[in-house]
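Below is one structure, written out as structure tokens, with a few remarks after it.
Just so we're clear, the structure is a prediction, and the values are computed from it rather than from any experiment. Order of appearance sets the numbers: ligands from 1, and atoms from 1 within every ligand. The basis for the numbers below is simple: all heavy atoms, side chains too, and nothing from hydrogens, waters or symmetry mates.
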Amino acid sequence: MQLIDIGANLTHESFRHDFDQVLARAQAHGIAQLVVTGASAQGSRDAYAVALAHRGVLFATAGVHPHHAGDFDADSEALLRELHALPEVVAVGETGLDYHRDFSPRDAQRFAFERQLELAAECGKPLFLHQRDAHADLLACLDNVRGRIGRAVVHCFTGNERELADYLDRDFYIGITGWICDERRGQHLRELVQRIPADRLLLETDAPYLLPRTVKPAPSHRRNEPMYLAHICAEVARDRGEEAAVTAANSTAAARAFFALPPL
Ligand SMILES: [Zn+2]
């Protein structure tokens, strides 16, 4: 069984002391390739550096997360443009809108998002999107550039039936994390995940965040890591009523197609 973790924040400081072991454990659990999320100017530079150091196994995205949209300026835009030209950088993002936390003012979020949509239109690479409590505005921004952007994934989808339908209508891909294992707030995803076409369903850990609550025995630390993608895959497979090997094969093929990754 081969899996691809389409969203891992491997440049997070919590991985600094045991990065190689984390990667080795992931590979031992069938995670063949991983896309390292770039969520700020510096974070995108770092994601590119680890991808370069692990060619063919790690890939990077380059973008500025809505939480950091307040820092988005001409320099960040120029840096992102440079990174998007590199083969190790396979998507534009993480970008989008987050009105749940509002860590950056909303007009700054919309500005940074719109600029990154332009970058995606320019370079032709797919979009790695983040949305929380901002569904209508996110769609409006995306609809403005319809026909000019290519593939897009709504990463860490946590929304409702209507939102899922809006995304699938637009042919977007859906990223499912261990949120689905959270009996307090992810229960609705158990049913919704059945409606995602196999060629639109992507799997991700969002490590070190979102440790799946159904991992047994629960690790003593709270850090999520890519090896738990196999657990997420098994849970999603059960909800979809299919063998884990089928979910794995389909989501891996979908991820390779989405990011245009070389086969291992
Ligand atoms: Zn996110």
Side-chain angles (χ1 to χ4, degrees), residues 4-15 34-44 46-47 59-72 76 80 89-104 106 108-110 112-117 119-120 125-139 141-142 151-160 163-164 166-167 172-182 185-186 189 192-193 196 201-212 222-226 228-229 232 255 258-259:
I4 297 177
D5 189 347
I6 68 137
N9 301 279
L10 291 187
T11 61
H12 190 273
E13 57 185 5
S14 65
F15 292 122
L34 302 90
V35 181
V36 181
T37 309
S40 64
Q42 187 57 47
S44 298
D46 294 347
F59 300 85
T61 73
V64 173
H65 190 285
H67 290 346
H68 305 295
D71 302 328
F72 187 90
S76 10
L80 293 182
V89 175
V90 293
V92 177
E94 178 167 3
T95 182
L97 300 173
D98 191 317
Y99 296 171
H100 180 68
R101 299 210 191 251
D102 276 326
F103 285 157
S104 289
R106 292 184 181 184
Q109 291 191 36
R110 282 187 292 263
F113 183 36
E114 281 166 357
R115 291 310 308 158
Q116 291 176 84
L117 290 175
L119 289 173
K125 288 189 175 170
L127 277 159
F128 189 85
L129 301 171
H130 171 106
Q131 186 276 117
R132 286 211 52 203
D133 294 350
H135 179 68
D137 276 13
L138 185 98
L139 276 193
C141 292
L142 287 161
R151 297 180 295 281
V153 59
V154 180
H155 117 94
C156 192
F157 175 78
T158 58
N160 60 31
E163 294 178 8
L164 180 63
D166 285 339
Y167 297 143
F172 295 165
Y173 290 65
I174 308 294
I176 296 292
T177 61
W179 193 286
I180 198 170
C181 304
D182 187 331
R185 53 183 192 173
L189 295 176
L192 288 185
V193 82
I196 306 172
L201 172 63
L202 305 180
L203 300 174
E204 48 175 333
T205 56
D206 208 18
Y209 314 112
L210 303 178
L211 176 70
R222 298 306 302 159
R223 185 184 72 172
N224 191 10
E225 55 172 271
Y228 295 126
L229 192 68
I232 296 169
F258 181 84
F259 294 105

- For the Zn ion (ligand 1), decide whether His155 has an N, O or S atom at a distance under 2.8 Å. yes
- Query: Among the N, O or S atoms that Glu94 has, which is closest to the Zn ion (ligand 1)?
  - Reply: OE2
- Task: Consider only side-chain N and O atoms of Tyr99 and His135, and report whether a donor and an acceptor are under 3.5 Å apart.
- Result: no
- For the pair Asn9 (side chain) and Ala207 (backbone), establish whether a donor and an acceptor sit closer than 3.5 Å, ignoring hydrogens and angles. yes
- Is there side-chain contact between Leu117 and Cys141, with at least one heavy-atom pair below 4.5 Å? yes
- Item | Heteroatom test (N, O or S) for Asp206 near the Zn ion (ligand 1), limit 2.8 Å | no
- Message: Using a 6.0 Å cut-off, check whether atom CZ of Arg101 has over 12 heavy atoms from anything other than its own residue.
- Response: no
- Item | Under 2.8 Å: N/O/S of His130 next to the Zn ion (ligand 1) | yes
